[in-house]
Amino acid sequence: QVQLVESGGGLVQAGGSLRVSCTASGRTFSLYAMGWFRQAPGKERDFIAAISWIGSTILSDSVSGRFTISRDRAKNTVYLTMNSLKPEDTAVYYCAATRSTGWGTRLRATHEYDYWGQGTQVTVSS
């Protein structure tokens, strides 16, 4: 089993920056990639970014140029650095991990992930 714990959410003003983290524990050697999703009230859970354990990344067009995904393999931690935040970025941000290999657009789908964190709230005030 794998456990994912997010941290670093909070309240920030529009235009500001925030970094959220996701630390994996347990059978982390079985993981192929990790991703970030977000879900605003009344909306579906949307893909933001994914990163493989060799460092390949995918980023949603909606956050490209503002958000970056990175990882520290020694710490089993993945980061989502968010810059130029907008009120519409307000959501619960979820970390996810998959054991399945195969890089590409499939990682944009929630059903491709085996493990999920509990989520961390990010609120951007105008």
Side-chain angles (χ1 to χ4, degrees):
Q1 277 288 17
V2 173
Q3 295 78 42
L4 303 175
V5 178
E6 300 102 332
S7 61
L11 175 64
V12 63
Q13 288 188 335
S17 299
L18 201 63
R19 189 179 78 167
V20 291
S21 305
C22 174
T23 299
S25 61
R27 298 173 63 87
T28 58
F29 62 87
S30 67
L31 300 178
Y32 172 73
M34 294 181 70
W36 284 99
F37 290 75
R38 67 184 179 187
Q39 188 168 21
K43 296 188 176 181
E44 294 185 350
R45 192 168 296 188
D46 292 330
F47 170 79
I48 300 173
I51 187 167
S52 73
W53 285 115
I54 62 170
S56 301
T57 62
I58 299 174
L59 206 63
S60 167
D61 289 344
S62 64
V63 300
S64 181
R66 299 190 298 125
F67 292 12
T68 58
I69 187 171
S70 59
R71 87 278 187 260
D72 184 330
R73 293 182 64 175
K75 295 182 179 180
N76 288 326
T77 297
V78 174
Y79 305 98
L80 183 69
T81 302
M82 304 178 286
N83 298 316
S84 301
L85 282 161
K86 306 174 182 179
E88 50 263 44
D89 294 318
T90 295
V92 177
Y93 283 68
Y94 294 93
C95 173
T98 178
R99 297 170 299 178
S100 300
T101 59
W103 187 247
T105 57
R106 73 171 188 90
L107 291 171
R108 298 175 183 268
T110 57
H111 67 263
E112 293 289 344
Y113 292 83
D114 304 295
Y115 307 101
W116 289 86
Q118 80 287 352
T120 186
Q121 177 71 46
V122 173
T123 302
V124 184
S125 64
S126 56

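Listed for the E6 side chain is a donor-acceptor partner under 3.5 Å among the backbone atoms of Q118. In this structure a side-chain-to-backbone donor-acceptor pair under 3.5 Å is missing from R108 to F47. The main-chain N or O of P87 is never found under 3.5 Å from a side-chain atom of S126 such that the two would form a donor-acceptor pair. R73 places a side-chain N or O within 3.5 Å of a backbone atom of W53 that can act as its donor or acceptor partner. In this structure, the side chain of Q13 does not engage the main chain of S125 through any donor-acceptor pair within 3.5 Å.
Atom OH in Y32 sits 9.5 Å away from atom OG1 in T98 (nearest 0.5 Å). A distance of 7.0 Å separates CG in L80 from OG1 in T68, rounded to the nearest 0.5 Å.
Considering only heavy atoms from C-beta on, W116 comes within 4.5 Å of R45 through its side chain. You'll find the side chain of Y115 reaches within 4.5 Å of the side chain of R99, heavy atoms only. Put simply, the side chain of R38 does not reach to within 4.5 Å of the side chain of S60, judged on heavy atoms.
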### Message
I'd like to know whether K75 forms a side chain to side chain contact (heavy atoms under 4.5 Å, CB included) with S21, so could you lay out the CA-CA distance, the side-chain angles of the two residues, the decisive distance to 0.1 Å, and finally the verdict.
### Response
CA-CA 11 Å; K75 295 182 179 180; S21 305; over 6 Å; no

### Message
side chain to side chain contact (heavy atoms under 4.5 Å, CB included), that's the test. Do T90 and Q121 meet it? Break it down for me.
### Response
CA-CA 8 Å; T90 295; Q121 177 71 46; 3.9 Å; yes

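For the pair R19 and Y79, the cation-pi test (distance below 6.0 Å, angle within 45°) is passed.
Scanning all heavy atoms of the two residues, the minimum distance from G35 to Y113 falls at N-CE2, 3.8 Å. In plain terms, the two heavy atoms of L107 and A50 that are nearest each other are CB-CB, 4.2 Å. When all heavy atoms of A97 and L31 are compared, the closest pair comes out as CB-CD2, 3.8 Å. A pairwise comparison of heavy atoms in C22 and L4 identifies SG-CB, 4.0 Å as the closest pair. Of all heavy-atom pairs spanning S52 and R71, the tightest one is O-NE, 3.8 Å. The two residues L59 and A49 make their nearest non-hydrogen contact at CD1-CB, 3.4 Å.
By the neighbour-count criterion of 12 heavy atoms within 6.0 Å, atom CZ of R106 is densely surrounded, having more than that number from other residues, nucleotides or ligands.
By the criterion of side-chain heavy atoms lying less than 4.5 angstrom apart, applied directly or through intervening Ile, Leu, Val, Met, Phe, Trp or Tyr residues, V20 is grouped together with V124 in one hydrophobic cluster. No continuous path of hydrophobic side-chain contacts links Y94 to L85 [ILVMFWY only; heavy atoms under 4.5 Å]. V12 and M82 fall within the same hydrophobic cluster, where Ile, Leu, Val, Met, Phe, Trp and Tyr residues are linked whenever their side-chain heavy atoms come under 4.5 Å apart, directly or through other members. Both F37 and W103 are part of a single hydrophobic cluster, where members link through side-chain heavy atoms under 4.5 Å apart.
Checked against I48 for a side chain to side chain contact (heavy atoms under 4.5 Å, CB included), the options D89, I58, V63 give a single hit: V63.
A side-chain N or O of T77 and one of T23 form a donor-acceptor pair less than 3.5 Å apart.
Relative orientation of the F67 and Y93 rings is tilted, given thresholds of 30° and 60° on the angle between their planes.
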